[in-house]
Amino acid sequence: MKELAGKKILLGITGGIAAYKSAVLCRELMRLGAEVRVIMTAAATQFITPLTLQALSGHPVHSDLFAAENEDAMGHIELARWADRILIAPASAQTISKLAHGEADNLLTTTGLASDASLMIAPAMNNVMWRDVATQENIKLLRARDVLILGPASGDQACGETGPGRMLEADEISEYVLQQFQAQSLKGKRVIVTAGPTWEAIDPVRGLTNHSSGKMGYALAGALHDAGANVTLISGPTALHPPRSVPCIHITSAQEMSDAVMENITGCDIFVAVAAVADYRPVSSTEQKIKKTAETLTLKLVRNPDILAMVAALEKPPFTVGFAAETENLIDHAKEKLAAKKIDLIAANPVSGDNSAFNSESNELSLIDSNGITHLGRCSKSILAHKLTKEIVRRYYETHPTKDT
Ligand code: PMT
């Protein structure tokens, strides 16, 4: 059976160049089995024709709040009642503002206000508009009302600028929609995710660290949360905001990460170590800044605790998932780590060349466990996080067969 069979999705399209992606999104949702009805704002019709969406959805497109034919067909109240989910993609800054302030002055915002269905929006706009305090305040208001904000992505924009504000791709949005309809498979489960780099101080201003941005770990924490888990994120220094409703313990060094994990591990069902933890730290860090006097300087390093191996060695360990970042012999090295750390599953990602997993928007993962290898392929970290979550859920319940459904 198709994953969205029987689901009714009201797709709202607002005015923006990203509206062309809505046609692909409509087709993708229907390919997954959903029934799709479309509302377009007047501005949206300047970018893509209603006829295109009518042909794709198989139903007339609605745009006029006062259309006479709606007396017999679907008016805004009917559409509001019909929808299981309302998805607005692209959502312009103007529509976001109207939704935040309850301004019901067109068919889309009126239907949104009149509906109990959960609302998901995929913002798309110029990066300066997205960063503007007014837009951010509106987004905050919508988040507080449990509106799911999908993206936006960062990158080259149609206006010629670069930055956050691009609408997510159709496959990424439909993955989120799928996730929303999936059973809360990890409801009641406690999950800890480590993410980001660690910083090992040499003196008050210098330290040893690596290129981890936290993107993979934060995306995974969000995907596990979407699957219903009670997630705690333990993160090294990053520039990211933790996913909505995911508490985050901020640490700096590997020792602090180890302490935070061990303080929270009791009762944890699944532990996922995405963090790039420094294997070594300076034996001691000086209180004052080291002065440039000697011609050479030797740093003496000592091993940090292996957090993942410690968790796997607990008397009653959670289901343990590690990551392996390798510049060569990816699968062989990952297999060695799986065995050495005695963990349940390892996700191997390449970190050499142009496709390094570090600090990029996309990644490529191969999963290895005692049954063999599963390739998840290359895609955005957000999609990979949802794919990996599904794989973790399946393996977790294979070894802990107590799932209440
Ligand atoms: O943060 P991003 O920019 O999105 O990049 C993501 C990533 C590349 C950092 C991530 O996908 C990744 O591969 N994380 C693990 C990187 C790594 O350092 O692996 P490792 O081979 O050193 O360690 C193996 C496993 O043991 C990891 O799960 C690590 O978290 C864990 N470990 C390692 C050392 C240590 N002292 N304690 C640990 O728990």
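Along the sequence shown, the residues carry numbers beginning at 1. What you see is a predicted model, and the numbers here were worked out from it, not measured in a lab. When a ligand or atom number is given, it counts from 1 through the structure's own listing order.
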*Asks:* So which atom in A357 and which in K381 form the shortest heavy-atom distance, rounded to 0.1 Å?
*Replies:* O-NZ, 2.6 Å

*Asks:* Between V277 and ligand 1, is there a nitrogen or oxygen pair with a distance under 3.5 Å?
*Replies:* no

*Asks:* Quick one: list whatever passes salt bridge (charged side-chain N to carboxylate O under 4.0 Å, His left out) with E364, sequence neighbours left out.
*Replies:* R378

*Asks:* Could you tell me which atoms of ligand 1, counted from 1 in the order shown, lie closer than 4.0 angstrom to a heavy atom of A273?
*Replies:*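 Result: 27 (C), 28 (O), 30 (O).
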
*Asks:* Between K381 and ligand 1, does any nitrogen or oxygen pair lie at a separation below 3.5 Å?
*Replies:* yes

*Asks:* Does any N/O atom on G322 come nearer than 3.5 Å to any N/O atom on ligand 1?
*Replies:*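 N/O-N/O distance below 3.5 Å does not exist for this pair.
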
*Asks:* Would you indicate whether H211, at its atom NE2, is surrounded by more than 12 heavy atoms from other residues, nucleotides or ligands within a distance under 6.0 Å?
*Replies:* no

*Asks:* Tell me: protein heavy atom nearest atom 24 (C) of ligand 1, and distance?
*Replies:* F323 O, 2.9 Å

*Asks:* Less than 4.0 Å is my threshold; does some heavy atom of M310 fall inside it relative to ligand 1?
*Replies:* no

*Asks:* May I ask you to check whether Y176 and H386 place their ring centres under 6.0 Å from each other?
*Replies:*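 Distance test on ring centres: under 6.0 Å, yes.
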
*Asks:* If you measure every N or O of P305 against every N or O of ligand 1, does any of those distances drop under 3.5 Å?
*Replies:*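 Checking ligand 1 against P305, an N or O pair does fall under 3.5 Å apart.
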
*Asks:* Could D344 and R395 be called an ion pair, given the rule that one side-chain N must be under 4.0 Å from one carboxylate O?
*Replies:* no

*Asks:* Examine ligand 1 and decide if any of its atoms is less than 4.0 Å from a heavy atom belonging to G214.
*Replies:* yes

*Asks:* Below 3.5 angstrom, do we get any N/O pair linking G217 and ligand 1?
*Replies:* no

